[in-house]
Protein chains: 2
Amino acid sequence: MRIGELATKTGVSVRALRYYEEQGLLTAARSGGGQRHYLDEAIDRVRLIQMLYAAGLSSRTILDLLPCVDAKVNTPQSRAMLRAERDRIERQITQLQQARERLDRVIALSEGPASGCAYTDTGTPDS
Amino acid sequence: MRIGELATKTGVSVRALRYYEEQGLLTAARSGGGQRHYLDEAIDRVRLIQMLYAAGLSSRTILDLLPCVDAKVNTPQSRAMLRAERDRIERQITQLQQARERLDRVIALSEGPASGCAYTDTGTPDS
DNA sequence: CTCGCCCCTCACATGAACGTCAGGTTTCAC
DNA sequence: GTGAAACCTGACGTTCATGTGAGGGGCGAG
């Protein structure tokens, strides 16, 4: 499969895919004229990369972690790295939960007492 | 208190505080020569801003939300905005939890079977 | 062979949240 | 009143993950 198809199937832009390759996160075979060809596995790979990006990891960190995830590199260092990142994520989850609680409190206040708000407005009213 | 002290007390850089003001997130009185003077309340304000930044909100979004949080602006629109952001945060928490689970699985694999790893290495070995 | 669509490689642009340097002013302790 | 520390306003630099052309080549259908 060529790059456009992979882009479509993963919902990631062509540019982003080239960028992933540039960063060493994704590899592709090249056919005669230099066009990239991907295996089906690339789809999962891209989804994993996206997941880690969404978790706030940098491409550099992802590059370090990928060998641990798929090639099963397994050294004390790699385990420490994995745990470190997981802990980072945990801390971030905690922070997010605090922020959410803060917003929840504000929301409760605004919806609660003396708010002239008996209805529950579940969507943004078209402005 | 002047900007340097506020920076020290909040752990945020002077530059960042000026940036917050530039973005309309933080206001300061000016003394004769143009220097910023902050009330003690500014400390909490900055901490709130940091919390929201940490939750991944943009300065623009924070700017929109702050009036709801502290000036108690309370309109259907503001409530919808608050809920929208809280939901965004919730979704991000979910994504992070998925990423964490993924890492947990990898960690379990690497520490578990046939790993020559009977000890539990809780820290990064000084490299 | 040629049209059209997809692909290629530069390489500059973007936006967010600051860092950093330059050149100048204010404040405050002494 | 004076010198150093802290502050001021620009304004350009940085990093990251892309967006966005420009200019040119690959490749299957007819």
Side-chain angles (χ1 to χ4, degrees), chain A residues 1-39 42-43 45-66 85 88-89 92 95-96 99, chain B residues 1-39 42-43 45-66 85 88-89 92 95-96 99:
Chain A
M1 107 198 304
R2 291 187 301 173
I3 199 170
E5 194 179 341
L6 181 58
T8 303
K9 287 189 176 169
T10 57
V12 170
S13 76
V14 167
R15 177 67 172 90
L17 293 176
R18 295 204 189 104
Y19 177 74
Y20 296 168
E21 181 175 328
E22 197 180 312
Q23 301 302 305
L25 305 179
L26 189 60
T27 52
R30 297 299 186 111
S31 72
Q35 304 204 348
R36 293 169 179 84
H37 281 262
Y38 298 92
L39 302 173
I43 298 176
R45 175 68 151 224
V46 171
R47 294 208 173 118
L48 173 60
I49 293 171
Q50 284 280 295
M51 164 178 278
L52 295 178
Y53 271 131
L57 307 204
S58 68
S59 63
R60 171 66 204 193
T61 307
I62 296 176
L63 181 57
D64 292 338
L65 289 187
L66 279 182
E85 285 309 316
R88 242 182 33 71
I89 292 175
Q92 204 181 338
Q95 289 209 331
L96 283 171
Chain B
M1 103 197 310
R2 291 188 300 173
I3 199 171
E5 193 179 342
L6 180 59
T8 303
K9 287 190 180 172
T10 58
V12 170
S13 76
V14 167
R15 177 66 173 90
L17 293 176
R18 294 204 189 104
Y19 177 74
Y20 296 168
E21 181 175 328
E22 197 180 313
Q23 301 302 305
L25 305 178
L26 189 62
T27 51
R30 296 301 185 111
S31 72
Q35 303 205 348
R36 293 168 179 83
H37 281 262
Y38 300 91
L39 302 173
I43 298 176
R45 174 69 152 223
V46 171
R47 294 210 172 116
L48 173 59
I49 293 172
Q50 284 282 294
M51 164 177 279
L52 295 177
Y53 270 132
L57 308 204
S58 69
S59 63
R60 171 65 205 195
T61 307
I62 297 177
L63 181 57
D64 291 338
L65 289 187
L66 279 181
E85 283 310 315
R88 241 182 33 72
I89 292 175
Q92 203 180 340
Q95 288 211 329
L96 283 171

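Lettering of chains follows the sequences in order, A, B, ..., and the numbering in each one begins at 1.
What you find for B:Y38 and B:A28 is that their closest heavy atoms are CE2-CB, 3.5 Å. Looking at every heavy atom in both residues, A:R36 comes nearest to A:E21 through NE-OE1, 2.7 Å.
One interatomic measurement links the two molecules: OH of A:Y53 to C1' of D:dT18, which rounds to 9 Å at whole-angstrom precision. Atom CD in A:E22 sits roughly 13 Å away from atom P in C:dC8 (whole-Å rounding). For the pair A:Q23 CD and D:dT18 C1', the computed distance is 11 Å after rounding to whole Å. The separation between B:I49 atom CD1 and C:dA16 atom C1' is 15 Å, rounded to whole Å. The interatomic distance linking A:L63 (CG) with D:dC16 (P) rounds to 13 Å, in whole Å. Between A:L6 atom CG and C:dC7 atom C1' there is a gap of 14 Å when expressed in whole angstrom units.
Applying the 6.0 Å contact sphere to CZ of B:R30 captures more than 12 heavy atoms from other residues, nucleotides or ligands.
Judged by closest nucleotide on DNA chain D, A:L17 is the one of A:S31 and A:L17 placed further toward the 5' end.
Residue contacts shown for A:I62 are absent, as no nucleic acid heavy atom lies under 4.0 Å away.
Distance check: B:L52 CG to B:R47 CZ gives 14.5 Å after rounding to the nearest 0.5 Å.
OP1 or OP2 of D:dT18 has at least one side-chain nitrogen or oxygen of A:Y20 nearer than 4.0 Å. In this structure, B:S58 does not reach the C:dA17 phosphate: none of its side-chain N or O atoms is under 4.0 Å from OP1 or OP2. Neither OP1 nor OP2 of D:dT18 sits under 4.0 Å from any side-chain N or O of A:Y19. Residue A:S59 has no polar side-chain atom (N or O) positioned under 4.0 Å from OP1 or OP2 of D:dC16.
Between B:L66 and B:L48 the shortest side-chain heavy-atom distance falls below 4.5 Å.
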Where do N or O atoms of nucleotides 3-10 of chain D meet protein N or O atoms at under 3.5 Å, pair by pair?
unit_1	atom_1	unit_2	atom_2	d
D:dC7	OP1	B:G4	N	2.6
D:dC8	OP1	B:R36	N	2.9
D:dC8	OP1	B:R36	NH1	2.8
D:dC8	OP2	B:R18	NE	3.1
D:dC8	OP2	B:R18	NH2	2.9
D:dC8	OP2	B:R36	NH1	3.4
D:dC8	O5'	B:R36	NH1	3.4
D:dT9	OP1	B:R30	NH1	3.1
D:dT9	OP1	B:R30	NH2	3.3
D:dT9	OP2	B:R36	NH1	3.0
D:dT9	OP2	B:R36	NH2	2.8

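Considering only residues two or more places apart in sequence or on other chains, A:M51 meets the side-chain contact (heavy atoms from CB on, under 4.5 Å) condition with B:Q98, B:A99, B:R102.
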Check the pair A:Y53, A:L25 against side chain to side chain contact (heavy atoms under 4.5 Å, CB included), reporting the backbone distance first and the verdict last. CA-CA 12 Å; A:Y53 271 131; A:L25 305 179; 3.6 Å; yes
